[in-house]
Number of protein chains: 2
Amino acid sequence: MNEPLEPWMEELLNGASGNSMTEKQSRIFEAAIEIFAEKGYSATSTSEIASRAGVAEGTIFRHYKTKKDLLLSIVAPAMLRLIAPFVLREFKDVLKTEYESFDQFIAAMIENRLDFLDKNKSLMKILLQELPFHPDLREQFRKIIFSQVKERVEKVVDRFKEKGQIIDLPTSTVIRLAVSSIAGYIMIRTFYGMEEGAVWDDERERQATIDYIMRGLAPEK
Amino acid sequence: MNEPLEPWMEELLNGASGNSMTEKQSRIFEAAIEIFAEKGYSATSTSEIASRAGVAEGTIFRHYKTKKDLLLSIVAPAMLRLIAPFVLREFKDVLKTEYESFDQFIAAMIENRLDFLDKNKSLMKILLQELPFHPDLREQFRKIIFSQVKERVEKVVDRFKEKGQIIDLPTSTVIRLAVSSIAGYIMIRTFYGMEEGAVWDDERERQATIDYIMRGLAPEK
DNA sequence: TTGTGAAGTGAGTAATCACTCATTTAGGCG
DNA sequence: CGCCTAAATGAGTGATTACTCACTTCACAA
């Protein structure tokens with residue numbers, strides 16, 4: 001029921017990004033990512049993309065029918081790569097592995113997705129910025145999340161619930177609480193540098209977050 | 001040290017929104033909020049604002065020097081109103097009141113800001129969307145948060161820490177954990193309707209969130 | 001070498017952009 | 001009424017927009 005791994009997904013995953021692109025095309029691709037992240041999609045002109053990529057403006061439209069087509073070719077694969085661990089066989093081990101304890105599972109998830117986010121900040125910024133304005137994209141995202149990701153995470157949570165390791169709340173509530181705590185940690189970590197003098201002990205904060213989640217979700221004694 | 005309540009704040013708070021505006025100006029103001037929220041600032045043209053407001057395009061520039069000036073006149077007061085409870089005398093009671101228990105305090109905060117957010121969704125969407133692209137706005141926001149809000153919330157948390165009601169973690173960590181849990185609850189609640197068949201028992205979810213925070217921040221026995 | 005198709009070019013296009021300004025309209029005061 | 005000032009107008013501005021197209025360059029197989 002959740003094994004389809006449709007071909008268009010695979011296509012998107014290795015996809016556009018680097019495979020069968022000419023050098024100029026990938027220069028366009030990279031330049032677009034940079035500028036979209038800097039000033040937003042609407043505020044970015046194709047002429048600026050062309051000049052930063054060092055190509056003629058016409059070249060952009062050889063490879064991408066429209067400006068929006070360029071955006072989609074950037075954002076759609078990024079979306080899939082973000083949730084890849086949940087939909088791909090090769091990565092599914094993260095979920096398949098029988099973690100003995102819930103905190104090990106959470107630590108693994110944080111580790112895994114944090115690497116990805118750190119390496120793809122621009123991509124994620126564009127995705128986050130443009131999702132509200134493109135219903136088609138949003139719908140695609142929603143569908144994948146609900147049909148692929150949600151089910152699998154629910155399975156893991158249910159397993160830990162049965163084992164008596166976490167509290168007996170609705171599974172969706174448990175996920176919401178844990179995810180929001182993790183997301184909060186990631187966001188603060190990402191946008192750090194805002195507060196000048198402050199120190200951020202990453203290891204300590206991460207452990208505090210995991211401990212917080214564990215206490216919050218501990219079964220009532 | 002934190003009592004200044006500078007005059008420009010007061011000015012912004014009653015501010016632009018409805019006081020000394022002609023009818024056409026406030027029609028422009030409202031139309032701009034609508035369209036900015038729908039398609040984003042950059043993708044919105046002044047001609048569209050004019051036509052939705054039912055005025056000539058020139059009228060916009062009678063009241064606002066530039067398009068960006070119009071944006072700022074919307075976003076700056078919204079920013080202040082968002083954090084008003086923390087900077088205004090009249091509202092400071094929320095913080096001044098001696099809540100006996102930490103969960104009462106959190107419940108009050110949620111109640112208070114949720115009302116506001118529900119009534120100002122468009123405003124908040126614009127603020128969230130444009131903050132990353134306007135360093136001046138972001139800096140203003142950052143300054144107020146750190147100089148006004150943070151100090152006051154820290155005081156409250158410290159008080160509960162001294163009373164032994166919450167765990168002995170760095171105050172900023174405690175705030176981060178609680179805020180991210182609350183923000184998660186608010187966001188899911190706000191963007192609901194995404195999942196069709198699902199039911200959202202608001203009272204239950206809110207209480208679950210508060211309980212989760214309380215368990216997560218409970219002092220080690 | 002020559003032929004062929006794809007890649008790349010940049011001048012050109014109509015549409016739209018934010019913004020200006022000379023002019024008209026409207027509202028209150030004497 | 002007439003007078004004044006602020007509000008409102010909309011045609012007009014040059015700049016910029018996404019996109020097109022006739023053309024040139026390039027890589028490579030025949």
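Quick note on labels: first sequence line is chain A, next is B, and so on, each numbered from 1. These values consider heavy atoms only, across backbone and side chains, with no hydrogens, waters or symmetry-generated copies.
- Across D/dA18, C/dT9, D/dT9, the shortest atom-to-atom separation from the side chain of B/A56 is found for D/dT9.
- Nearest nucleotide to the B/K67 side chain, out of D/dT9, D/dC19, C/dA18: C/dA18.
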Can you give me the N/O atom pairs linking the protein to nucleotides 22-29 of chain C at distances under 3.5 Å, or say none if there are none?
from	atom 1	to	atom 2	distance (Å)
C/dA22	N6	B/R62	NH2	3.4

Discussion item. B/R206 vs B/E111, test: salt bridge (charged side-chain N to carboxylate O under 4.0 Å, His left out). Steps then yes/no.
Written reply: CA-CA 10 Å; B/R206 190 186 304 193; B/E111 189 72 43; 2.9 Å; yes
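- Judged by distance alone, the side chains of B/E57 and B/T46 do bring a donor and an acceptor atom under 3.5 Å apart.
- Between B/K24 and D/dA8 there is no side-chain polar atom (N or O) within less than 4.0 angstrom of OP1 or OP2.
- Ring pair B/H134/B/Y41 is perpendicular by interplanar angle, where above 60° counts as perpendicular and below 30° as parallel.
- With salt bridges taken as basic N to acidic carboxylate O contacts below 4.0 Å, none links A/K155 and A/E151.
- One can place OH of A/Y64 at 14 Å from C1' of C/dA7, the figure rounded to the nearest angstrom.
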Discussion item. For a salt bridge (charged side-chain N to carboxylate O under 4.0 Å, His left out) check, start with the C-alpha distance between B/R142 and B/E139, then their side-chain angles and the critical distance, and finish with the verdict.
Written reply: CA-CA 5 Å; B/R142 203 188 68 81; B/E139 188 57 20; 3.2 Å; yes
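- Between D/dA6 and B/H63, no contact under 4.0 Å exists linking OP1 or OP2 to a side-chain N or O.
- Checking the phosphate oxygens (OP1, OP2) of C/dG8, a side-chain nitrogen or oxygen of A/T22 falls inside 4.0 Å.
- At least one side-chain heavy atom of B/F116 sits under 4.5 Å from a side-chain heavy atom of B/M124.
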Atom pairs, protein N/O to nucleotides 11-15 of chain D N/O, distance under 3.5 Å:
none

Practice prompt. Apply the test salt bridge (charged side-chain N to carboxylate O under 4.0 Å, His left out) to residues B/R52 and B/E38: give CA-CA distance (whole Å), side-chain angles for both, the deciding distance (0.1 Å), then the verdict.
Written response: CA-CA 13 Å; B/R52 179 160 330 180; B/E38 281 168 23; 3.0 Å; yes
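- Contact annotation: the side chain of A/F86 never approaches that of A/I145 to less than 4.5 Å [non-hydrogen atoms, C-beta and beyond].
- Residues from residues 41-50 of chain A with heavy atoms under 4.0 angstrom of DNA chain C: there are none.
- In summary, of the residues considered (B/L70, B/V55, B/I33), a side chain to side chain contact (heavy atoms under 4.5 Å, CB included) with B/I49 occurs for B/L70 alone.
- An OP1 or OP2 oxygen of C/dA7 is reached within less than 4.0 angstrom by no side-chain nitrogen or oxygen of A/T59.
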